[in-house]
Amino acid sequence: AYYQARAGGHAVGIACGIKNSGLGNGAEEWGKVRLVVEPGGTVSIYGCFTEMGQGLFTIQTQIAAEATGLSSSLFHPRVDSRFLLGAGQTTGSRATLLGGRAVQSAAQKLRADLDRGHDLAQLAGRVYPGEIVVDDTRAPGPGVDRPKVHTSFGYATQVCVLDEAGRLARIIAAHDVGRAINPAQCAAQIEGAVAMGLGYALTEDLPCEDGVPTHTTLREIGALRAHDIPPIEVILVEEAEPEGPYGAKGVGEIGLVPTAGAVAGALEAFDGIRRTRLPMKDSPAARATSAGHLHLHRRSRQP
């Protein structure tokens, strides 16, 4: 896509990124889950990570269904404190990697009982724990030869193409996701990350006075609107991650990493200016959007 755009006379930029899955650096990390067979013939999933709109519940359900052979309609993820499932914050692109492995482990135990001839009615009330620990990473330092710093990494390359006026024309985002358990959901998360990255690159700002933000609304901050987002083509590169559930790994943060660099490269190709500060509000791409153009007066704060 990059070379095709160049051959077509378009201003185009390309950037690559890498992002770890898991905290790593010697931290002991856990994935924990409990599957509970309910009297009505369903299975509740109590997990250790937060569903914040990223689709974790869907992934948990798909992994449990795959491992047990049961219909996904029988699984119901719960947000509940019935079990103590401490595994730290939902950060580091690790919910699918660690939480998914825990679900897979618990679901395999349930599958073993099903294979012995039991049905869900007979197993009502059973609790199947799933706990995995990752403790084989090390922080780099003196005397540490080729340390395994993180469990896995996500890789991405993004291309930004501008039109003849220097406006955003399209974005191509190729991401190594391990294995896309839910391809549509995975692509949608990358699309959202690119949209966020474009705002970060071009229009979003958070000025502060004495450590206090002077902007308090999304409009003032300069968040892009839907009609400012160009077409985004997502390419899912599936190279199975051996330590992930069914080959999957985290994609939560990597989607944002290369975007600003790709935009900066395209802008330099367009007007020859190498911009090194964000947001790049002086660029034609930024000026063509509907965001980030407010001229705000300094607010006086009451003591």
Side-chain angles (χ1 to χ4, degrees), residues 1-21 54-55 92-93 96 150 152-180 182-204 222-239 241 248-281 283-286 288-289 291-292:
Y2 173 77
Y3 289 113
Q4 287 174 354
R6 284 188 60 181
H10 298 284
V12 58
I14 187 169
C16 303
I18 180 174
K19 182 67 180 76
N20 55 288
S21 276
Q54 80 276 44
S93 297
T96 293
H150 295 284
S152 67
F153 294 88
Y155 304 91
T157 298
Q158 294 183 5
V159 168
C160 173
V161 183
L162 305 180
D163 66 13
E164 64 281 354
R167 297 169 298 199
L168 296 172
R170 65 186 178 115
I171 303 290
I172 303 97
H175 283 252
D176 166 24
V177 299
R179 183 178 183 187
N182 189 305
Q185 179 175 289
C186 186
Q189 183 151 339
I190 293 170
E191 289 172 356
V194 169
M196 181 179 177
L198 291 174
Y200 173 65
L202 295 172
T203 59
E204 293 186 24
L224 292 177
R225 296 171 171 83
H227 64 260
D228 294 316
I229 307 300
I232 301 170
E233 176 189 351
V234 176
I235 301 170
L236 298 180
V237 180
E238 296 189 82
E239 186 72 26
E241 166 55 52
K249 58 186 174 185
V251 73
E253 293 157 309
I254 183 64
L256 181 65
V257 173
T259 312
V263 174
L267 288 169
E268 183 178 8
F270 179 78
D271 59 16
I273 301 174
R274 186 169 183 81
R275 297 170 174 87
T276 57
R277 292 179 64 104
L278 300 178
M280 297 177 283
K281 288 190 176 184
S283 68
T289 70

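None of the values given here were measured: they were computed from a predicted structure.
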Nearest non-hydrogen partners of Phe153 and Lys249, listed with the distance |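 Where Phe153 meets Lys249 most closely, the heavy atoms are O-NZ, 2.6 Å.
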
Would you say the side chain of [Y] lies within less than 4.5 Å of the side chain of [X], judging by non-hydrogen atoms?
X	Y	answer
Val177	Glu238	yes
Val263	Ser283	no
Leu278	Met280	yes
Val257	Ile18	no
Ser21	Ser93	yes
Pro230	Ile171	yes
Ile229	Val194	no
Leu267	Ile273	no

Drop me the distance from [X]'s [atom1] to [Y]'s [atom2], to the nearest 0.5 angstrom.
X	Y	atom1	atom2	answer
His175	Gln158	NE2	CD	4.0 Å
Lys281	Glu204	NZ	CD	9.5 Å
Ile254	Asp176	CD1	CG	9.0 Å

Answer yes or no: does atom CZ of Arg179 have more than 12 heavy-atom neighbours from other residues, nucleotides or ligands under 6.0 Å?
->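 12 or below, so no.
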
Arg6 atom CZ, neighbour heavy-atom count above 12 within 6.0 Å |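 No, the 6.0 Å shell around CZ holds no more than 12 heavy atoms from other groups.
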
Given Ile190 and Leu236, is the side chain to side chain contact (heavy atoms under 4.5 Å, CB included) satisfied, shown in steps?
-> CA-CA 10 Å; Ile190 293 170; Leu236 298 180; 3.8 Å; yes

Which residues pass the side chain to side chain donor-acceptor pair (under 3.5 Å) test with Thr203, sequence neighbours left out?
->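 Thr203 satisfies side chain to side chain donor-acceptor pair (under 3.5 Å) with no other residue.
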
